[in-house]
Amino acid sequence: MVQTNSSLPSDFIRDIIEDDMKTNKYQGRVATRFPPEPNGYPHIGHAKSICLNFGIAAQYRGTCNLRMDDTDPTGESMEYVNAIIRDVKWLGFDWEERLYYASDYYEKLYQYALQLIKMGKAFVCSLSADEIRQYRGTFTEPGKESPYRNRTIEENLDLLERMRAGEFPDGTHVLRAKIDMASPNITMRDPVMYRIKKETHYRTGDAWCIYPMYDFAHCLSDSIEGITHSICTLEFENNRPLYDWFLDELEVEHQPQQIEFARLNLSYTIMSKRKLLELVERKLVNGWDDPRMPTISGMRRRGYTPEAIRSFCERIGVAKNDSIVDMALLEHCVREDLNERAPRVMAVLRPLRVVIDNYPEGRVEEFECPYHPKNTAMGSRKVPFSRELYIDADDFMENPPKKFYRLSTGREVRLRYGYFIKCVRAVKNERTGEVVELRCTYDPETRSGFAPDGRKVDATIHWVSALHALPAQVRLYDRLFRVADPLTKESDMTLSLDPKSLEILRSCQVEPSMAAAISGSLYQFERVGYFCVDSVDSSDKALVFNRTVTLRDAWAKITEKGK
RNA sequence: UGGGGGAUCGUUCAAUGGUAGGACAACGGACUCUGACUCCGUAUAUCCAGGUUCGAAUCCUGGUCUCCCAGCCA
């Protein structure tokens, strides 16, 4: 059972379900489904739907099916099916043996179509796609009936069979429901049920050359599976009368109800599968699992956890308002989870050499450093200390502003889990003026991290021993887009991509305990952020880390304000 | 323009005729061997105009804004 909070969530959909339970509408049964089309990788928006559907099923002791809504061979593939299966599983949900495919219902759906024809409720239309569009009318004008609308049942039956048999080329005929060309709801103006597509389907191969449309296939698939609450997004609200129409006309024994909620939008990213595909195909990102992508696989590679994503999906709630959730909330959920579970280690991203003049050459000490400041159960590791160290270049300033209380010439700081050191001199590159090395002294009395004379330091900084540290590459990931809503107006999203969304640091130094780091494992680099071992490019010989998310940074806010 | 939805702190979700509340963000403070975590505190909202009512975010009337629909996509 997946439940991040102790309190059960409540929302308008769960209210409907509780009403249905009270009135015994489905004999107390709750059955949902998550119905992705396998034409792209699932993203965080899908995660919202997954958590909703599986969450509801678990809460009401019902079931949730995983169903591939694969009614259009164009763009669908097994690669996507596998990605979907992997990601839903990874998120922590279980459909048991109920993995279904709309394509498995093709024969049943075809029989339903025949039935509709026999009832005089469907007909084969031989208008071109263009003509159908023209006949459909507009928002303000009613449509015109197709001249083929009154074909006899026998003729329709014959034509549909021949469509199925492959006698006609693409686009020459479609099967349409006979409803009402004057309906103010355009969805009801004799909608297309089947089209001819002589394309190989990734599962059914060439067995079919006619494929059912969403509106026809979806409601019947739900009915076949005994779905009680068919939860979908807002844009299908217009389709609900049609969803019901097929089920009513065919007098199916089980009639599910469709309920619509607002899809997730997240600031600083995009959720359109088409646009995401475009980023991948144009190589503007490094594949579907690029850590900057809002895909589940991208977030996994970035170091986000299923727990964090589930917690996020619970917190954002479920409603019918169009909204854009602040990315900061997702990041908060990630930090909240990682703060608890990530072992602390020290890593220096932009190394600045420090020489401790009064520390004996060749001497090495080891400090016992806990992996977590509050959870002692996480244990500790030994970190070597020697005369030459690296600290982060950010932790030294030659002319520090008032509120900077890290290292500067003449100032003393504490090395995390180590000694107090004082900077006596900054060595500069004569040409560039850049500080290339710090000469410091240490106070041997401060080994515990405290001074016996009670003096205090303003800052504690992280470090690694130059002799013992391991080289590593660190990839600094940030939000993909510079603007909160990259798809506004007709603007090209490409222009909003943030070129700084990935910065690769190739000369980082991490403490030696990281030699054993396992692929995908998560760490907090103390005072810097959360990082994970890249699951694709990292190896024992060449460590590669991805920045999952920065730590909250009060200092960054201060410097930001100064600007 | 016809039809279908939606409007509550900066953002998001609640309040189902009876004190407008939570989370994130922001700001201030405490604590701190992580400028982290944690803790405490502060400010900020009912789209507008009428009406019903002892009492309206909620009910009624009229407006305004906004999203979705004219794929042989889902």
Side-chain angles (χ1 to χ4, degrees), chain A residues 9-11 15 35-37 39 69-72 74-75 125 127-130 132-134 136-143 170-176 183-189 191-197 210-211 213-215 217-218 232-241 260 262 267 273-274 312 315-333 335-336 339-340 344 346 369 372-374 403-406 413-418 420 448-450 456-462 484 524-529 550-558:
Chain A
S10 177
D11 51 66
D15 289 346
E37 185 189 11
N39 66 348
D69 204 4
D70 53 359
T71 55
D72 179 359
T74 316
C125 179
L127 253 21
S128 70
D130 234 24
I132 286 183
R133 191 178 315 122
Q134 280 161 19
R136 190 148 35 217
T138 67
F139 290 143
T140 48
E141 302 157 299
D170 288 13
T172 50
H173 307 278
V174 291
L175 183 70
R176 290 227 254 169
S183 172
N185 181 351
I186 291 177
T187 310
M188 299 298 273
R189 319 239 261 231
V192 173
M193 295 165 57
Y194 272 94
R195 74 287 213 188
I196 302 171
K197 276 199 183 195
I210 57 172
Y211 293 94
M213 298 287 289
Y214 167 85
D215 288 304
H218 203 91
C232 65
T233 45
L234 247 31
E235 67 269 24
F236 291 104
E237 215 149 19
N238 294 317
N239 302 46
R240 195 186 337 139
E260 310 86 9
S267 59
K273 267 205 267 184
R274 223 186 79 240
F312 171 75
R315 284 179 189 231
I316 56 177
V318 180
K320 297 191 73 156
N321 306 335
D322 277 317
S323 61
I324 304 175
V325 174
D326 195 340
M327 177 67 92
L329 180 60
L330 213 209
E331 292 170 344
H332 166 81
C333 293
R335 288 190 186 105
E336 183 178 59
N339 178 49
E340 302 244 316
R344 272 60 169 172
M346 291 195 282
C369 305
H372 197 284
K374 291 183 179 164
K403 288 186 174 169
F404 182 89
Y405 47 81
R406 277 112 93 156
V413 297
R414 172 169 38 228
L415 294 176
R416 180 78 160 152
Y417 300 123
F420 284 14
S448 60
F450 293 98
K456 300 258 201 272
V457 287
D458 287 332
T460 299
I461 65 172
H462 57 100
Q524 184 195 103
F525 290 177
E526 291 222 31
R527 302 207 309 128
V528 180
T550 62
L551 250 30
R552 282 189 70 215
D553 188 351
W555 171 243
K557 277 182 195 169
I558 293 168

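Below, chain A is the first sequence line, B the second, and so on; all start at residue 1. Computation of the quantities below employed the complete heavy-atom set of this structure, encompassing side-chain atoms and omitting hydrogens, waters and symmetry-equivalent molecules.
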Counting the atoms with a prime plus P, OP1 and OP2 as sugar-phosphate, which does [X] contact under 4.0 Å by heavy atoms, base, sugar-phosphate, or nothing?
X	value
A:V528	nothing
A:Q524	base
A:R189	nothing
A:F525	nothing
A:S323	sugar-phosphate

Listed by chain and number, what are the side chain to side chain donor-acceptor pair (under 3.5 Å) partners of A:R195, not counting sequence neighbours?
-> none

Of all heavy-atom pairs between A:Y405 and A:V413, which one has the smallest distance, and what is that distance?
-> O-CG1, 4.4 Å

Where is the tightest heavy-atom contact between A:I186 and A:R136, given as atom of each residue plus distance?
-> CG2-CD, 3.8 Å

Does B:G10 adopt a syn or an anti glycosidic conformation, taking syn as a chi angle within 90° of 0?
-> anti

How long is the line joining [atom1] of [X] and [atom2] of [N], in whole Å?
X	N	atom1	atom2	answer
A:L415	B:U34	CG	P	13 Å
A:L330	B:A23	CG	P	19 Å
A:D322	B:G4	CG	C1'	13 Å
A:E340	B:A36	CD	C1'	14 Å
A:I461	B:A36	CD1	P	17 Å
A:E331	B:C37	CD	P	13 Å
A:I316	B:C24	CD1	P	15 Å
A:M188	B:G2	CE	C1'	16 Å

Evaluate the side-chain proximity of [Y] to [X]: yes if any heavy-atom separation is below 4.5 Å, no if none is.
X	Y	answer
A:N239	A:H218	no
A:D72	A:Y211	no
A:R406	A:W555	yes
A:R552	A:K557	yes
A:I461	A:L415	yes
A:T460	A:R527	no

Flag yes if more than 12 heavy atoms outside A:E235 fall under 6.0 Å of its CD atom; otherwise flag no.
-> yes

Take atom [atom1] in [N] and the same atom in [M], then report the distance between them in whole Å.
N	M	atom1	value
B:G5	B:C48	P	23 Å
B:C73	B:U61	P	41 Å
B:C47	B:A7	P	9 Å
B:U8	B:U46	C1'	4 Å
B:U44	B:C24	C1'	14 Å
B:G41	B:U58	C1'	32 Å
B:C59	B:A15	P	13 Å
B:C65	B:C60	P	22 Å

Between the main-chain N or O of A:T550 and the side-chain N or O of A:R335, is there a donor-acceptor pair closer than 3.5 Å?
-> yes

Ignoring hydrogens and geometry, is there a side-chain-to-backbone donor-acceptor pair from A:K197 to A:T74 under 3.5 Å?
-> no

Base of B:U34 paired with side chain of A:R344 (donor-acceptor, under 3.5 Å) = yes

Give a yes or no on whether a donor-acceptor pair under 3.5 Å exists between the nucleobase atoms of B:G4, that is its base, and the side chain of A:R240.
-> no

Tested for side-chain hydrogen bond (donor to acceptor under 3.5 Å, both in side chains) against A:R344, the lone hit among A:E526, A:H462, A:H372 is A:H372

Would you give a per-nucleotide map of nucleotides 43-48 of chain B, 5' to 3', where B means the base has a protein non-hydrogen atom under 4.0 Å away, S means only the sugar-phosphate does, and - means neither?
-> ------

Counting primed atoms, P, OP1 and OP2 as sugar-phosphate and everything else as base, the B/S/- map of nucleotides 25-32 of chain B against protein heavy atoms under 4.0 Å is SSSS----

With nearest nucleotides of RNA chain B determined for A:G449 and A:L234 from heavy-atom distances, which residue corresponds to the more 5′ nucleotide?
-> A:L234

Could you tell me whether the side-chain ring of A:F139 sits stacked on the base of B:C69, using a centroid cut-off under 5.5 Å and a plane angle under 30°?
-> yes

Dot-bracket, RNA chain B: Watson-Crick or G-U, under 3.5 angstrom, [ ] crossing, | other strand?
-> .((((((..((((....[..)))).(((((.......)))))....(((((..]....))))))))))).....

Mind checking what makes side-chain contact (heavy atoms from CB on, under 4.5 Å) contact with A:T140, not counting sequence neighbours?
-> A:T138

Is there any protein nitrogen or oxygen under 3.5 Å from a nitrogen or oxygen in nucleotides 71-74 of chain B, and what are the pairs?
unit_1, atom_1, unit_2, atom_2, d
B:G71, OP2, A:R133, NE, 3.2
B:G71, OP2, A:R136, NH2, 3.2
B:C72, OP1, A:R136, NH2, 3.2
B:C72, OP2, A:R136, NH1, 3.0
B:C72, N4, A:L127, O, 3.1
B:C72, N4, A:A129, N, 3.0
B:C72, N4, A:G171, O, 3.0
B:C73, OP2, A:R195, NE, 2.9
B:C73, OP2, A:R195, NH2, 2.8
B:C73, OP2, A:K197, NZ, 3.2
B:C73, O3', A:R195, NH2, 3.1
B:C73, O2', A:D72, OD2, 3.2
B:A74, OP1, A:T71, OG1, 2.7
B:A74, OP1, A:R195, NH2, 2.9
B:A74, OP2, A:Y214, N, 3.0
B:A74, O3', A:D69, OD2, 2.8

Step by step, work out the side chain to side chain donor-acceptor pair (under 3.5 Å) result for A:T187 and A:N185.
-> CA-CA 5 Å; A:T187 310; A:N185 181 351; 3.0 Å; yes

Could you work out which one of B:C13, B:U34, B:G3 sits closest to the side chain of A:N238?
-> B:G3

Euclidean distance, A:F312 CZ relative to A:E336 CD, rounded to 0.5 Å = 12.5 Å

Short side-chain N/O contact to B:A7 OP1/OP2 from A:N321, under 4.0 Å | yes

